[in-house]
Structure formats: structure tokens, C-alpha cells
A.B. asks: 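Mind having a look at this structure? Questions to follow.
For this chain, numbers begin at 1 and follow the sequence in order.
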Amino acid sequence: MNLGITSIQRNRGPWIVEWLAFHMLVGFNRFYIYAHKTDDGMTQTLLKLARHYPIAVHALDTDAQPQLAAYRHAWAQYGQAVDWMAFIDGDEFLFSPAQEQLAQALAPYQDQPLSALGAYWVCYGGNGHVEEPAGLVMQNYPRHSAPGFLPNRHVKSLVRGGERIDIQASHVFDTPRGTFDERLRPLRHGFVPELAPSCEVLRINHYAVQSWEFFKQTKQNMGAADGSPALVRPDSWYRQYDRNDCDDGVSHNFLIPLKLKVRELQAALAAA
């Protein structure tokens with residue numbers, strides 16, 4: 001199964017290797033990365049890795065809803081080359097809690113009359129970090145929000161390859177046969193407060209805030225890639241998402257294979 005990811009990312013240089021390594025581990029084998037106004041070396045890292053791995057790198061400088069522009073371009077260029085395409089961000093880690101490989105989790109949906117699947121967030125907090133620690137996001141930020149945290153009712157889309165979709169928003173698209181969650185409940189918007197999230201088959205670990213330092217120096221004034229570039233997230237936004245209620249152990253289960261895969265990518269970088 002050809003599984004692709006389209007992602008627009010900005011200044012995720014310290015974490016892009018981990019993000020790629022994780023998604024390679026769970027079975028993605030096509031990466032379409034849009035580097036939006038990046039000046040921290042992330043683009044150079046991606047271009048080096050693209051010599052060894054199936055990564056397409058695009059530079060993006062527009063401020064006019066760059067996420068939607070990236071998604072439309074990616075679907076027009078690559079939508080026929082994949083069986084499924086995920087549209088997620090650099091602070092989102094998509095996997096199946098039920099299966100080691102995402103292709104196994106998606107197989108039961110192959111014959112369902114649907115265009116896309118929606119995967120719910122599990123939002124992770126700052127875990128008490130004031131300064132941004134070195135190392136892996138999944139190791140540094142194991143604690144997350146409780147199931148009842150309302151933002152966990154956001155979803156991101158995995159679209160079946162070849163569908164004729166209309167991208168007018170970043171979470172859920174207009175599709176001919178509809179978007180459904182893993183329980184086959186219809187999803188018409190990217191935020192579904194009326195539904196209790198189900199993350200048994202598909203799950204997105206969303207590292208929304210990271211440390212206070214990262215928020216203040218990077219994320220607060222970054223704008224919204226699917227909205228206004230002038231957006232300034234208030235300090236209250238950090239406090240809202242800084243939820244550290246639970247540690248269900250999911251992150252710990254990935255650490256050994258993730259570290260090994262990161263080392264493999266780092267060796268490829270050194271050889272590039």
C-alpha cells in the first residue's frame with residue numbers, strides 16, 4: 001500500500017528527523033513536505049534526506065493561506081500516486097494503536113464507500129518544561145490531556161487516492177463520498193464537539209504547545225497557516241492546551257524503534 005503524507009511545516013528543524021522517522025516506522029512511504037518560510041535549516045535537512053528517502057520538498061513563501069495552497073498542489077501533483085494521503089502538521093504524529101503498520105489498520109476500510117477517514121487528536125501538554133529540552137519530542141512530552149478535553153474532538157484527514165476533492169479547509173475536505181471516523185460516523189467539519197472521540201484504530205498525538213520557551217519564541221507569533229498570518233496566540237492559548245493529565249504509555253512503546261530509526265536517518269544525513 002502506498003501511504004503518503006502531505007505536510008506544511010515551518011522551522012521544525014530540530015524535530016523533522018524524528019517526525020519522518022516515526023512515520024516511516026508506522027508505514028508511510030511517500031512524503032510531500034512544504035517548507036513554509038523556513039530559516040532554521042529544515043529545508044536543507046529535507047533535501048539531504050531526499051537523496052536517500054522518498055521525500056519531495058517544496059519551498060513555500062506565500063502568506064495567503066499557505067496550508068491550503070500546499071494541500072491543493074500536493075493533491076493535484078501526487079493524489080494519484082497514493083492509496084491514502086494523510087494531511088497533518090509537523091507537531092502531529094499519526095499511527096494506529098491497534099496495528100504496528102498503518103496499512104493493516106486501513107485495510108478494513110478499503111471496500112467501504114467513503115472518500116476519507118478522520119483521525120482524532122490526543123493533545124499533549126508542556127510536561128512542565130519551561131526551556132525546550134534536547135532530544136525526542138515523544139520522550140520529552142509523554143503526558144497528555146484527558147479524554148474529555150474538548151480540543152481532542154478535532155480530526156485530520158486521510159484521503160483515498162484518486163478522489164476528486166475540494167480543499168476549502170485544512171482538517172476535513174469536500175469529498176464525493178464523504179469523510180468518516182474509524183467508527184464510520186460521518187464527519188462534515190474538522191471539529192466535531194457532538195462526537196466522543198474514538199482513537200482505537202487511528203490516533204494523532206498532537207504536541208500542540210511543547211515548552212513555554214518554544215511557545216513564546218516560535219509558535220505564538222507564527223500566524224495561522226490556514227488563516228491569518230497576523231494571528232498572535234495569547235498566553236491563555238498555551239494555558240488552555242498545556243494539559244498533562246495522563247500518561248497512557250503509548251509514547252514509551254515507540255522509543256526504542258524510534259531511536260534506532262532516527263539514527264538511521266542521521267547516518268544518511270552525515271553521508272549526504
A.B. asks: For H189, is there any backbone N or O sitting under 3.5 Å from a side-chain donor or acceptor partner on H171?
C.D. replies: no

A.B. asks: Measure the spacing between CZ of F95 and CZ of R203 and express it to the nearest 0.5 Å.
C.D. replies: 4.5 Å

A.B. asks: Walk me through whether M1 and Q110 qualify under side-chain contact (heavy atoms from CB on, under 4.5 Å).
C.D. replies: CA-CA 11 Å; M1 189 179 288; Q110 284 289 95; 4.0 Å; yes

A.B. asks: Hey, are E163 and S115 close enough side-chain-wise for a donor-acceptor pair under 3.5 Å?
C.D. replies: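 E163 and S115 do have a side-chain donor-acceptor pair below 3.5 Å.
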
A.B. asks: Could you measure the distance from the CG atom of L47 to the CD1 atom of I33? Nearest 0.5 Å is fine.
C.D. replies: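 Spacing of CG (L47) from CD1 (I33) equals 11.5 Å.
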
A.B. asks: Given 3.5 Å as the limit, does a donor-acceptor pair link the side chain of D39 with the main chain of N11, or not?
C.D. replies: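 Between the backbone of N11 and the side chain of D39 there is no qualifying donor-acceptor contact (under 3.5 Å).
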
A.B. asks: Looking at every non-hydrogen atom in both residues, tell me the closest pair between N205 and M138 and how far apart they are.
C.D. replies: ND2-CE, 3.9 Å

A.B. asks: Could you tell me whether a side-chain N or O of E213 sits under 3.5 Å from a main-chain N or O of E132, the two making a donor and an acceptor?
C.D. replies: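 A pair under 3.5 Å: yes.
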
A.B. asks: Considering only residues two or more places apart or on different chains, which pairs with a residue in residues 192-202 satisfy side-chain hydrogen bond (donor to acceptor under 3.5 Å, both in side chains)?
C.D. replies: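 Listed by first then second residue: E182-S198, R183-S198.
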
A.B. asks: Could you measure the distance from the CZ atom of R30 to the CD1 atom of I5? Nearest 0.5 Å is fine.
C.D. replies: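 The distance works out to 12.5 Å.
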
A.B. asks: Please confirm whether the backbone N or O of S251 pairs with a side-chain atom of N253, one donor and one acceptor, at under 3.5 Å?
C.D. replies: no

A.B. asks: W84 and I204: same hydrophobic cluster, using ILVMFWY side-chain contacts below 4.5 Å?
C.D. replies: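 Same cluster.
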
A.B. asks: Could you measure the distance from the CG atom of L94 to the NE2 atom of H23? Nearest 0.5 Å is fine.
C.D. replies: 5.5 Å

A.B. asks: Identify whether L25 and L158 are in the same connected component of the hydrophobic contact network (ILVMFWY, side-chain heavy atoms under 4.5 Å).
C.D. replies: yes

A.B. asks: Is the gap between the ring centers of Y109 and F180 under 6.0 Å?
C.D. replies: no

A.B. asks: Same cluster or not: are L68 and V159 linked, directly or through other Ile, Leu, Val, Met, Phe, Trp or Tyr residues, by side-chain heavy atoms under 4.5 angstrom apart?
C.D. replies: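 Hydrophobic grouping puts L68 with V159.
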
A.B. asks: Determine whether a donor-acceptor pair (N or O, by modelled atom type, separation under 3.5 Å) exists between the side chain of N2 and the backbone of N29.
C.D. replies: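 A pair under 3.5 Å: no.
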
A.B. asks: Would you check if the distance from the ring center of Y241 to the ring center of W237 is below 6.0 Å?
C.D. replies: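 Between Y241 and W237, the centre distance is under 6.0 Å.
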
A.B. asks: I need the minimum non-hydrogen distance between R160 and Q112, along with the two atoms involved.
C.D. replies: NH2-O, 2.9 Å

A.B. asks: Quiz question: by atom type and distance under 3.5 Å, do the side chains of D91 and Q210 form a donor-acceptor pair?
C.D. replies: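 On atom types as modelled, these side chains do not qualify, holding no pair under 3.5 Å.
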
A.B. asks: Indicate whether any N or O donor in one side chain lies under 3.5 Å from an N or O acceptor in the other, for E92 and W121.
C.D. replies: yes

A.B. asks: State, without any angle test, whether N152 and H144 hold a side-chain donor-acceptor pair at a distance under 3.5 Å.
C.D. replies: no

A.B. asks: Would you sort out whether Y78 and T6 count as a side-chain contact (heavy atoms from CB on, under 4.5 Å), showing the intermediate values?
C.D. replies: CA-CA 9 Å; Y78 309 115; T6 292; 5.6 Å; no

A.B. asks: Does any N or O in the side chain of S7 come within less than 3.5 Å of the main-chain N or O of I88, such that one atom is a donor and the other an acceptor?
C.D. replies: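 Such a contact is found between S7 side chain and I88 backbone.
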
A.B. asks: Quick check: does any side chain N or O of S145 sit under 3.5 Å from a backbone N or O of C123, one acting as donor and the other as acceptor?
C.D. replies: yes

A.B. asks: Taking the side chain from T175 and the backbone from I165, do they hold a donor-acceptor pair closer than 3.5 Å?
C.D. replies: no

A.B. asks: Tell me if the CZ atom of R185 is crowded by more than 12 foreign heavy atoms within 6.0 Å.
C.D. replies: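 More than 12 heavy atoms, drawn from other residues, nucleotides or ligands, come within 6.0 Å of this atom.
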
A.B. asks: Look at atom CZ of R177 and say whether more than 12 heavy atoms of other residues, nucleotides or ligands are closer to it than 6.0 Å.
C.D. replies: yes

A.B. asks: Can you tell me how far OG1 of T45 sits from CD1 of I16, rounded to the nearest 0.5 angstrom?
C.D. replies: 8.5 Å

A.B. asks: In plain terms, say whether D89 and R12 are close enough for a salt bridge, that is, a side-chain N and a carboxylate O under 4.0 Å apart.
C.D. replies: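 Salt bridge: no.
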
A.B. asks: Could you measure the distance from the CZ atom of R143 to the CG atom of D248? Nearest 0.5 Å is fine.
C.D. replies: 10.0 Å

A.B. asks: Does K219 NZ have over 12 foreign heavy atoms under 6.0 Å away?
C.D. replies: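 Yes - once you tally the heavy atoms of other residues, nucleotides and ligands closer than 6.0 Å, there are more than 12.
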
A.B. asks: side-chain contact (heavy atoms from CB on, under 4.5 Å), that's the test. Do L150 and F191 meet it? Break it down for me.
C.D. replies: CA-CA 9 Å; L150 195 59; F191 178 54; 3.8 Å; yes

A.B. asks: Using atom types as modelled and distance alone, determine if a side-chain donor or acceptor of H252 lies under 3.5 Å from a backbone N or O of G249.
C.D. replies: no

A.B. asks: So, H129 versus Y141, ring centres under 6.0 angstrom or not?
C.D. replies: yes

A.B. asks: Without swapping roles, check the side chain of R153 against the backbone of P193 for a donor-acceptor pair under 3.5 Å.
C.D. replies: yes

A.B. asks: Contact between E18 and L258 at the side-chain level, heavy atoms closer than 4.5 Å - yes or no?
C.D. replies: yes

A.B. asks: Would you check, one step at a time, whether the test side-chain contact (heavy atoms from CB on, under 4.5 Å) holds for K216 with D235?
C.D. replies: CA-CA 8 Å; K216 294 299 289 184; D235 291 354; 3.0 Å; yes

A.B. asks: If the test is ring-ring contact (aromatic ring centres under 6.0 Å, His included), which one of Y71, Y32, Y34 qualifies with F87?
C.D. replies: Y71

A.B. asks: Is it true that V26 and V122 fall in one hydrophobic cluster, defined by side-chain heavy atoms closer than 4.5 Å?
C.D. replies: yes

A.B. asks: Identify which one of F31, W15, F93 satisfies the ring-ring contact (aromatic ring centres under 6.0 Å, His included) criterion when paired with F22.
C.D. replies: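 Of F31, W15, F93, ring-ring contact (aromatic ring centres under 6.0 Å, His included) with F22 is met by F93 alone.
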
A.B. asks: Do L3 and Y53 share a hydrophobic cluster, counting only Ile, Leu, Val, Met, Phe, Trp and Tyr and linking them when any side-chain heavy atoms are less than 4.5 Å apart?
C.D. replies: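 Yes.
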
